[in-house]
S.K.: 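Can you keep this structure in mind? I'll have questions shortly.
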Amino acid sequence: MSDQAARPGDKQAAPGYTFEPDRIMARDVHSCARLEREIGTRTARGKPVDRLQRQLAERVQSSMAELARRHSLVPVIALPPELPISHHADEIVDALAAHQVLVVAGETGSGKTTQLPKLCLLAGRGRRGRIGHTQPRRIAARTVSQRIAEELADSGGQRVAYQVRVKDYSGDDTLVKLMTDGILLAEVQHDPLLRQYDTLIIDEAHERSLNIDFLLGYLKQLLPRRPDLKLIITSATIDVESLSRHFDGAPVIEVSGRTYPVEVQYLPPDSMPADATASLPAQLLYALGQIEADEAAGRGYRGGDVLVFLPGERDIREAALALRRSQRQDLDVLPLYARLGSAEQDRVFNLGKRRGRRIVLATNVAETSLTVPGIRYVIDTGVARISRYSHRSRVQRLPIEPVSQASADQRKGRCGRTAPGICVRLYDEQDFLARAQFTDPEILRTNLASVILQMTRMRLGEVAQFPFIAPPDSRLVNDGYRLLEELGALESRDKLSDCGKQLARLPVDPRIARMLHEAAKRGCLNEMLVIAAGLSIQDPRERPLDKQQAADQQHARFRDERSDFISLLKLWQYFEEQRQALSKGQLRKYCQREFL
């Protein structure tokens, strides 16, 4: 395969007021076309156009020079022959040339996430604009970016960069940009045509998050207006037909996963001794003991690292504490969740710093995209925190629920990435078979006020007419409109009020945004920022089952009889005093002592 894109610079801009869109940067096409139309209009009216023609020629020449410079940045590209996707490279490159939309489906380990941007570069993409590559989570955006940069020998992180929230490491030399899908959604608001990209890869589309579903609907509307933009959607082999249908029969290329054999063992709580069923940490310790007993009998994979799936951060902390108190020798207990700091996340992926058998305690962030090296065992608790919204009570909850069969199989595949493995499920086979096949798309179980607010701001029309893959329940849509009306955000169903325009600029729940908007007018924004932050996260006050009384005593100092909100403010002020006075290590110990 060779670089198929024509190299710019070998032909001057066309005389007069014409230009060739495919020979300039994608970001410049719109402005050059506008100049061209203006020149045509003035010419038809017999008015002078010399100045406009010079502007157009200068802009075209500058854009062609930038395109030539970006061609020179493309590194030598090699595909790892051991990855299944490498055997489909020619097929993918040819399909990308022939179609605007391509669906690439493959199980864990196929190399989709890391190799597709490289295949796009081989197909001549990434010159006229960036290759945008979305990930559902920040941790994945960062680690995937680092992996691709490593494979392209981009030690400075210039050609491959990432952006998450306020951190943007991309620049003029960036060919491939990793980001969360939320970042791309935010870019749509100030650049509706997404002109900085010539290719978009929406990764892990099977997760069907609210952001992913909204992006896929928006891109379906955008593609006819951007015929030069290519879209690749990747998914596990889960309902890929619906993705293909959504984009009018887009071709699907399936790449077989590089998975090794994984033995599934069922270890439900009713098969454990009574003292092992009291809590998830107790069940985990028992399952780990069974693994060690099998290894002592010559079965399993002696000393293999273990990946444990737990519902949330609090469960991870409790499990970590239980493991450290278990007196087991040579255990390296590592947490892994989305809010974890970069240094702590890096420990999970760096085998050179291991201190014995690694026990990685993870939320469902480790289900997809991430490859934790060295994993030979998975212990699957079978549960996760899944967001649910009730339009009756208007409460968005985060209950712990059984995961779907598809999620359970994704978890199982985590120990079959680099070698054979064993998956221990802490539930029985009948329980597994009785579970839903797929997780409900988030748009069917969430508050839609934020989506409606942004759609109204972007003038995308009624939610009912928007091309979602799975249209939301009309009751949820009506509830979203009612909430926005109560907040004073709408003048009509298709027009925002001045207040609504302000709310739409804030990347938080509209109710929280309304609180901040009012606080700014009333001169109490600093205090309300703390309260709003506290309402947007899990309660920072911990109450372990075995130490509830001690925790309540520590938290009593923050209690305010007049308001729980004031309690949050007191807690933050106390914490901030300690943060400024203590080192990081001391602050961590302080939080543990105070059950925070």
Side-chain angles (χ1 to χ4, degrees), residues 3-5 7-9 22-31 62-79 96 112-204 215 219 222 226 228-232 234 342 369:
D3 189 343
Q4 297 177 357
R7 289 191 175 276
D22 62 346
R23 302 184 71 82
I24 65 174
M25 296 291 290
R27 70 188 183 204
D28 297 322
V29 170
H30 184 70
S31 59
S62 172
S63 190
M64 290 175 70
E66 173 64 9
L67 185 51
R69 188 187 73 82
R70 287 179 66 83
H71 267 278
S72 69
L73 296 174
V74 179
V76 176
I77 296 170
L79 303 175
L96 198 55
K112 305 185 303 297
T113 297
T114 55
Q115 302 310 306
L116 275 174
K118 294 160 68 177
L119 288 172
C120 289
L121 289 172
L122 282 172
R125 313 302 297 176
R127 279 72 160 176
R128 296 185 61 244
R130 292 170 173 170
I131 298 168
H133 191 180
T134 69
Q135 294 293 319
R137 300 174 183 87
R138 286 174 289 159
I139 182 174
R142 185 176 69 87
T143 55
V144 171
S145 170
Q146 292 170 345
R147 177 62 184 271
I148 297 172
E150 182 183 307
E151 292 188 10
L152 293 177
D154 180 29
S155 56
Q158 298 300 310
R159 294 173 177 83
V160 183
Y162 72 95
Q163 180 180 355
V164 292
R165 291 195 178 174
V166 295
K167 295 181 180 179
D168 184 1
Y169 296 99
S170 62
D172 291 341
D173 293 347
T174 300
L175 303 177
V176 179
K177 176 181 172 180
L178 274 293
M179 65 196 127
T180 58
D181 39 39
I183 291 293
L184 183 60
L185 206 51
E187 290 179 356
V188 165
Q189 297 178 22
H190 58 78
D191 179 18
L193 293 177
L194 294 173
R195 284 171 288 202
Q196 66 170 297
Y197 303 103
D198 73 0
T199 308
L200 288 173
I201 302 171
I202 307 298
D203 206 358
E204 309 293 357
L215 276 173
L219 291 170
L222 173 64
R226 279 285 313 272
D228 59 319
L229 179 66
K230 300 285 188 177
L231 173 63
I232 300 176
T234 82
S342 296
S369 295

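Residues: numbered from 1 along the sequence shown.
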S.K.: Measuring only between side-chain heavy atoms, which start at C-beta, is L185 closer than 4.5 Å to L215?
M.R.: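 Side chain of L185 against side chain of L215, heavy atoms only: contact under 4.5 Å found.
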S.K.: In Å, rounded to the nearest 0.5 Å, how long is the span from CG of L152 to CD of Q158?
M.R.: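 It is 13.5 Å, given to the nearest 0.5 Å.
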S.K.: Strictly distance-based, threshold 3.5 Å: is any side-chain N or O of S63 a donor or acceptor partner for the main-chain N or O of M25?
M.R.: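 Yes: the side chain of S63 pairs with the backbone of M25.
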S.K.: Please tell me if the side chains of E204 and D181 come closer than 4.5 Å, counting only heavy atoms from C-beta onward.
M.R.: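 Not touching, per the 4.5 Å side-chain cut-off.
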S.K.: Are the side chain of R127 and the backbone N or O of A68 linked by a donor-acceptor pair below 3.5 Å?
M.R.: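 Not a single qualifying donor-acceptor pair exists.
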S.K.: Distance from T199 atom OG1 to I131 atom CD1, nearest 0.5 Å?
M.R.: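 It comes to 5.0 Å.
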S.K.: Does the side chain of C120 come within less than 4.5 Å of V176's, by heavy atoms?
M.R.: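 A side-chain contact under 4.5 Å is absent here.
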S.K.: Between R23 (side chain) and M64 (backbone), is there a donor-acceptor pair under 3.5 Å?
M.R.: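 A pair under 3.5 Å: no.
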S.K.: Would you call V144 and R142 a side-chain contact if the rule is heavy atoms closer than 4.5 Å?
M.R.: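 SC-SC contact between V144 and R142 ruled out.
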S.K.: Would you confirm whether R70, through its side chain, and T174, through its main-chain N or O, come within 3.5 Å as a donor-acceptor pair?
M.R.: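 Yes; judged by distance alone, with no hydrogens or angles, the pair exists.
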S.K.: Looking at D203 and T134, would you say the former's side chain and the latter's main chain have a donor-acceptor pair under 3.5 Å?
M.R.: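 A pair under 3.5 Å: no.
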S.K.: Got a donor-acceptor contact below 3.5 angstrom from the R128 side chain to the I24 backbone?
M.R.: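 It does hold such a pair.
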S.K.: Would you say K118's side chain and L79's backbone share a donor-acceptor pair under 3.5 angstrom?
M.R.: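 No; judged by distance alone, with no hydrogens or angles, the pair does not exist.
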S.K.: Within the 4.5 Å heavy-atom criterion, are L96 and L119 side-chain neighbours or not?
M.R.: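 Not in contact.
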S.K.: So do E187 and Y197 actually touch side chain to side chain, heavy atoms under 4.5 Å?
M.R.: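 With C-beta onward as the side chain, the pair touches.
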S.K.: Crowded around R147 CZ? As in, over 12 foreign heavy atoms under 6.0 Å?
M.R.: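 It does not: R147 CZ has 12 such atoms or fewer within range.
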